[in-house]
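These notes concern the structure reproduced below.
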Amino acid sequence: MRTEISADSRRIRLGRQLQHGDLIFWIVALLFAVLVVVLLGAIIAVTWSGSADARHAFGWHFLTTTAWNPVSGQFGALPAIYGTIVSSIIALLFAAPLGVMIAIFLNSLCPAKLRMPIGMMVELLAAIPSVVYGMWGIFVFIPFFRSYISTPLSKTVGSALPLFSGPVNVGRGLLVAGIILAIMILPTIAAISRDVLAVVPNSQREAMLALGATRWEVIRHAELPYARAGIVGGMMLGLGRALGETMAATMVIGNTPKIHASLFQPATTAASLIASQLPNANTDLHSSALIYLALVLFLITLVANSIARALVWRVSRTGSGA
Amino acid sequence: MTATAANPNIQMPPAIDAHLVLDGLTIYYGSREAVARTDLAIPRARVTAIIGPSGCGKSTLLRSLNRMHETVPGGRAEGRVLLDGANIYDPSVDPIHVRRRIGMVFQQPNPLRARTIAENVSIGLELDGIGRREKEAAVERALKRAALWDEVADRLDRPGTALSGGQQQRLCLARALAVEPELILMDEPASALDPIATLRIEELIRELMTEITIVIVTHNMQQAARVSDYTMFMNLNERGSGGVVEAGPTQMIFTAPKSKQTEDYITGRFG
Amino acid sequence: MAQAIVGRRYRRRVLVNRLMLVLTVLATVISLVPLVLILVYVAEQGIGSLSIDFLTHTFRPISFGTTSTGGGVLHAIVGTVIITGFALLLAVPIGIMAGVYLSEYPGNAASTAIRFCVDVLSAMPSIVVGVTAYVLIVQRVKSFSGFAGSVALVVLMVPIITRTTEEILRLVPQTSREAAIALGAPKWRTTLTIVLPMALSGIATGVLLAFARAAGETAPLLVTVLGNNNLTYDLFGPMQALPLLAYRYTEQPYTVLNQQAWGAAFLLVVIVLGINILVRIVTRPRSHR
Ligand SMILES: Nc1ncnc2c1ncn2[C@@H]1O[C@H](COP(=O)(O)OP(=O)(O)O)[C@@H](O)[C@H]1O
Ligand SMILES: [Mg+2]
């Protein structure tokens, strides 16, 4: 019964579209929209076929070997993957607590008049071109970091803890890259956390207030648990950004495809390895390996972002943070 | 009492000792007066119902009794509310303490999401830091007082939101009871519930009032007649603010109201 | 009054409350410090290197011991305008029409799939997009080119434009559409003459933001456009662009070039932040909760 009616009305609607050229409009709009799918398809197809040589030559070992030597034709992506993941996790360690605190401040403590300007300033951090972060890192942050952080740390804690051991004179390294990345992903985490905190129903806050909770206890026991999944989603989105960020990492990480125990030593990330070597790759296998690395990077960020979106979506759609 | 002087229709018998005294209480949203100056006493260990048409300020008045009103933007109150003779609006009083002594149950059941049944009940005690043993006992005691224990004893670690509406509301009541308040404010606690769940809540109210003072807002006059010992009737005045028109023993309000407005309301002529 | 009932941890609770609230303020301040430091530093270094020569000359070779100003960045400005402009030309129709499709024909399998692709594209690392353009164009024609850079930028711009367009079109009240359709106007005409014009300023916002994003992108250009020290208008050869020049000159051992890098960075920041601030002030996305 129902299907008959809808089939009928669909036929009528279709007829009308034909009459008025609506069908043509629909087709044109759809064609352009499908172009978006084509763009994504092209990226996948191209990185897949472009990496064929390297995939055949190295297979899964590509991900687990550490030699990266264009001259001898040895390509193992592990140092790049290690650098990508470690620098991004460092970024997350710094940016996640700060971002959530900013969101709490803007959402429930900030005077209404300051909310818009401060929120805007935080978001502007995301708009600064990453090459500018890289330049600032090289000329300002690295010298500062070397004098006041890495040198003293390596001389004290560093002797016991390889993580912070010297030498530090290069300046460029994993920790610096992680900190610069943290600044860059802070706005993402703050903005998403703020959005999910804003959808916490007032009744949840009142439940705590009516028990005689302080302002912080309301945040801690009602708002944060409710918004937890969304906040974690925001962190994952930030992580995704850090994983794929190229220029700032390229400029401050030192571009050395080696794994060091110390965070003060130069390293590399997948993105910066590609950016610094692809234009000068002079064997097919070298460029193929870099394209393979791009494919791997794409898959890593895709996973991070998919998890992120699922989590954020859950809070804002069903309002269940459990 | 000044109360009787200001409005001859307010007849809360002074013989019964007052738990709360509203002394010149005027409530605002920003500059708008929501509840006009009110003077009256709320008797201890009795159920006092607040009735009146919607929008007349019942919730606003109720929420000003434990300083919840000031948590909404622009919300403020003038005058005094005396809890056992001490003004809860005194600048030296932290509203945290007031809310701890005067609990609240809301219109929509609002168990904390992402928390289990047991955690929902114990959360108030946890704020003050409480031992595990002590906590389990307190959870059981509160759930029993809220007549929910038998239904949830075997699933205390399930989410609070997994319960039915009526159970959720009793869970919220247990949460309020767990911190041992001396007074509980209820804002239409049964309006979102079915008749059977409503009846349970009403029975509970009658049981609790032997130890706890209860103030309940309801737009259901039968409910007020069933559960309360005293009734306040509120209505909008000519300036558009809410105000208490008449108050006294429930029996009297429903059988021999002094005010024409009250009579019209309870006979169903408006509202 | 409350003495009798003061909880055992009252003091501690009040203290924790204060502490945490202060911490959130502190976190916000700490986060704004880099913004201020970066902006001040860029302005300090950048404004100093701005001059008429800087804007009207191209690269001039430097030799040791001279005090040559090293020319200017005209070639990079031209390159950025051409590369980004061409990308915009391609991205705007695709982005807007895809947005129109998503908002005017929502809820079918195609729009779900397209929306998913837009999401994936918008989170795509820009270097991966650059690699794709490199394989597809640079490797094929065996030459770096501004064109390959434009293609990469298109991929970065389209999701931004599509999303803003879709969101803005959804805000156009359904009644406006129905009114036109009730008068017998076909859907395409309603969309083009009623819906789109109502959303024009919002769509312009999306286009501007996409432009700002693309103008500051370096990574995809690095592997496609390569860089060029000469002024060229040839989209099909290597070109220069402001972010690319800023990167290359930063890595040079000459202070003069470092200074020019800051000049280029300053221009970029002014353009990108200018657009972002403008858009935010005009649209005020967060003025209410
Ligand atoms: N958050 C608020 N801000 C401003 N005015 C409010 C707010 N909440 C309620 N009011 C107004 O206060 C008056 C009393 O509301 P309320 O106490 O909720 O009435 P009742 O509970 O009797 O239905 C109404 O006119 C209402 O519009
Ligand atoms: Mg109400």
Side-chain angles (χ1 to χ4, degrees), chain A residues 20-22 25-26 28-30 32-33 35-37 39-40 42-43 46-47 50 98 101-102 104-105 109 116 118-122 124-125 127-132 135-136 138 140 183 186 198 214-217 240 243-244 246-247 251 271 274-275 278-279 291 294 297-298 301-302 305 309, chain C residues 13-14 16-17 20-21 23-25 27-28 30-32 34-35 38 41-42 93-94 97-98 100-101 113-114 117-121 123 125-129 131-132 134-136 155 158 162 186-188 216 218-219 222-223 226 243 246-247 250 261 265 268-269 272-273 276 280 286-287 289:
Chain A
H20 298 300
D22 277 355
F25 180 69
W26 177 73
V28 171
L30 182 62
F32 276 102
L35 258 181
V36 177
V37 183
L39 289 178
L40 179 61
I43 291 172
V46 162
T47 46
L98 281 178
M101 296 289 251
I102 295 172
I104 292 173
F105 174 74
L109 300 169
M116 146 91 177
I118 293 182
M120 189 169 102
M121 281 170 77
V122 173
L124 283 187
L125 277 173
I128 295 178
S130 60
V131 66
V132 176
M135 294 170 69
W136 183 77
I138 290 176
V140 183
I183 304 173
L186 193 61
T214 62
R215 236 163 156 184
W216 168 251
E217 285 163 347
L243 290 168
T246 315
M247 288 324 290
M251 294 170 83
I274 298 167
L278 191 60
I291 296 164
L297 176 63
F298 168 54
T301 53
L302 185 65
N305 283 299
R309 273 182 210 289
Chain C
R13 289 173 58 203
V14 170
V16 168
N17 184 46
M20 294 314 290
L21 300 191
L23 276 182
T24 65
V25 178
T28 309
I30 288 176
S31 313
L32 293 181
L35 178 73
I38 291 173
Y41 195 79
V42 170
I94 302 177
M97 286 309 276
V100 166
Y101 183 84
I114 290 160
C117 291
V118 171
D119 278 351
V120 174
L121 275 185
S126 58
I127 188 70
V128 175
V129 177
V131 167
T132 305
Y134 172 86
V135 175
L136 218 51
V155 178
V158 161
T162 303
K187 182 164 186 143
W188 65 271
T218 318
L222 203 57
V223 296
L226 193 64
Y247 169 62
T250 298
L268 273 181
V269 167
V272 172
L273 288 201
N276 272 279
R280 268 157 233 264
R286 287 184 195 280
S287 51
R289 259 179 70 174

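In what follows, every chain begins at residue 1, and chains take the letters A, B, ... in the order their sequences are listed.
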Self-check item: Portion of A:I43 that has a non-hydrogen atom of chain C nearer than 4.5 angstrom
Solution: both
Practice problem: Could you check which of C:L21, C:V100, C:V155, C:L136 has the highest count of heavy-atom pairs closer than 4.5 Å to chain A? | Solution: C:L21
Self-check item: CG on C:D119 to CZ on A:R309, rounded to 0.5 Å
Solution: 4.0 Å
Exercise. Check whether any side-chain N or O of A:D22 sits under 3.5 Å from a backbone N or O of C:W188 as a donor-acceptor pair, and report yes or no.
Key: yes
Exercise. Search all heavy atoms of C:V128 against all heavy atoms of A:A294 and return the closest pair with its distance.
Key: CG2-O, 3.7 Å
Quiz prompt | Sub-4.5 Å side-chain heavy-atom contact between C:L268 and A:V131 | solution = yes
Practice problem: Name the option with the most non-hydrogen atom pairs under 4.5 Å to chain C; the candidates are A:L35, A:T246, A:L186, A:I128. | Solution: A:T246
Quiz item: Is it the side chain or the backbone of A:L278 that comes within 4.5 Å of chain C heavy atoms, both, or neither?
Solution: both
Practice problem: Please look at C:L32 and chain A and tell me whether the side chain, the backbone, both or neither of the residue comes under 4.5 angstrom of a heavy atom of that chain. | Solution: side chain
Quiz prompt | Residues that C:T24 engages under side-chain hydrogen bond (donor to acceptor under 3.5 Å, both in side chains), provided they are two or more places apart | solution = none
Exercise. Check each atom of A:I104 against the heavy atoms of chain C and say whether the ones under 4.5 Å are side chain, backbone, both or neither.
Key: side chain
Quiz item: Sub-3.5 Å donor-acceptor pair from the side chain of C:N276 to the main-chain atoms of A:A127, do we have one?
Solution: no
Quiz item: Would a 4.5 Å heavy-atom cut-off, applied to side chains only, mark C:V25 and A:F105 as touching?
Solution: yes
Self-check item: Pairwise side-chain contact, C:M97 with A:L30, heavy-atom cut-off 4.5 Å (strictly under)
Solution: no
Quiz prompt | Best-contacting candidate, A:L243, A:I118, A:L109, against chain C by heavy atom pairs under 4.5 angstrom | solution = A:L109
Quiz item: What part of C:V223 lies closer than 4.5 angstrom to a heavy atom of chain A: side chain, backbone, both or neither?
Solution: both
Quiz item: Given a strict heavy-atom distance threshold of 4.5 Å, which part of C:L226 is in contact with chain A: side chain, backbone, both, or neither?
Solution: side chain
Quiz item: With chain C, which of A:L39, A:V46, A:I274 has the greatest number of heavy-atom pairs at distances under 4.5 Å?
Solution: A:V46
Exercise. Could you grab the distance from atom CD1 of C:I38 to atom CE of A:M135, nearest 0.5 Å is fine?
Key: 11.5 Å
Quiz item: Is it the backbone or the side chain of A:V140 that comes under 4.5 Å from a heavy atom of chain C, or both, or neither?
Solution: side chain
Quiz item: Considering residues at least two apart in sequence or located in another chain, which fulfil the side-chain hydrogen bond (donor to acceptor under 3.5 Å, both in side chains) criterion with A:T214?
Solution: A:E217
Quiz item: Tell me, side chain or backbone of A:I138 under 4.5 Å from chain C's heavy atoms, or both, or neither?
Solution: side chain
Quiz item: Who among A:L302, A:L124, A:V28 has the most heavy-atom pairs with chain C under 4.5 Å?
Solution: A:L124
Quiz item: Quick one: are C:I127 and A:F298 in side-chain contact, heavy atoms under 4.5 Å?
Solution: no
Quiz item: Do A:M101 and C:T28 come close enough that some side-chain heavy atom pair is under 4.5 Å?
Solution: no
Self-check item: Proximity breakdown for C:V118 and chain A, heavy-atom pairs closer than 4.5 Å
Solution: both
Self-check item: Side-chain heavy atoms of A:W136 within contact of C:Y41, under 4.5 Å
Solution: yes
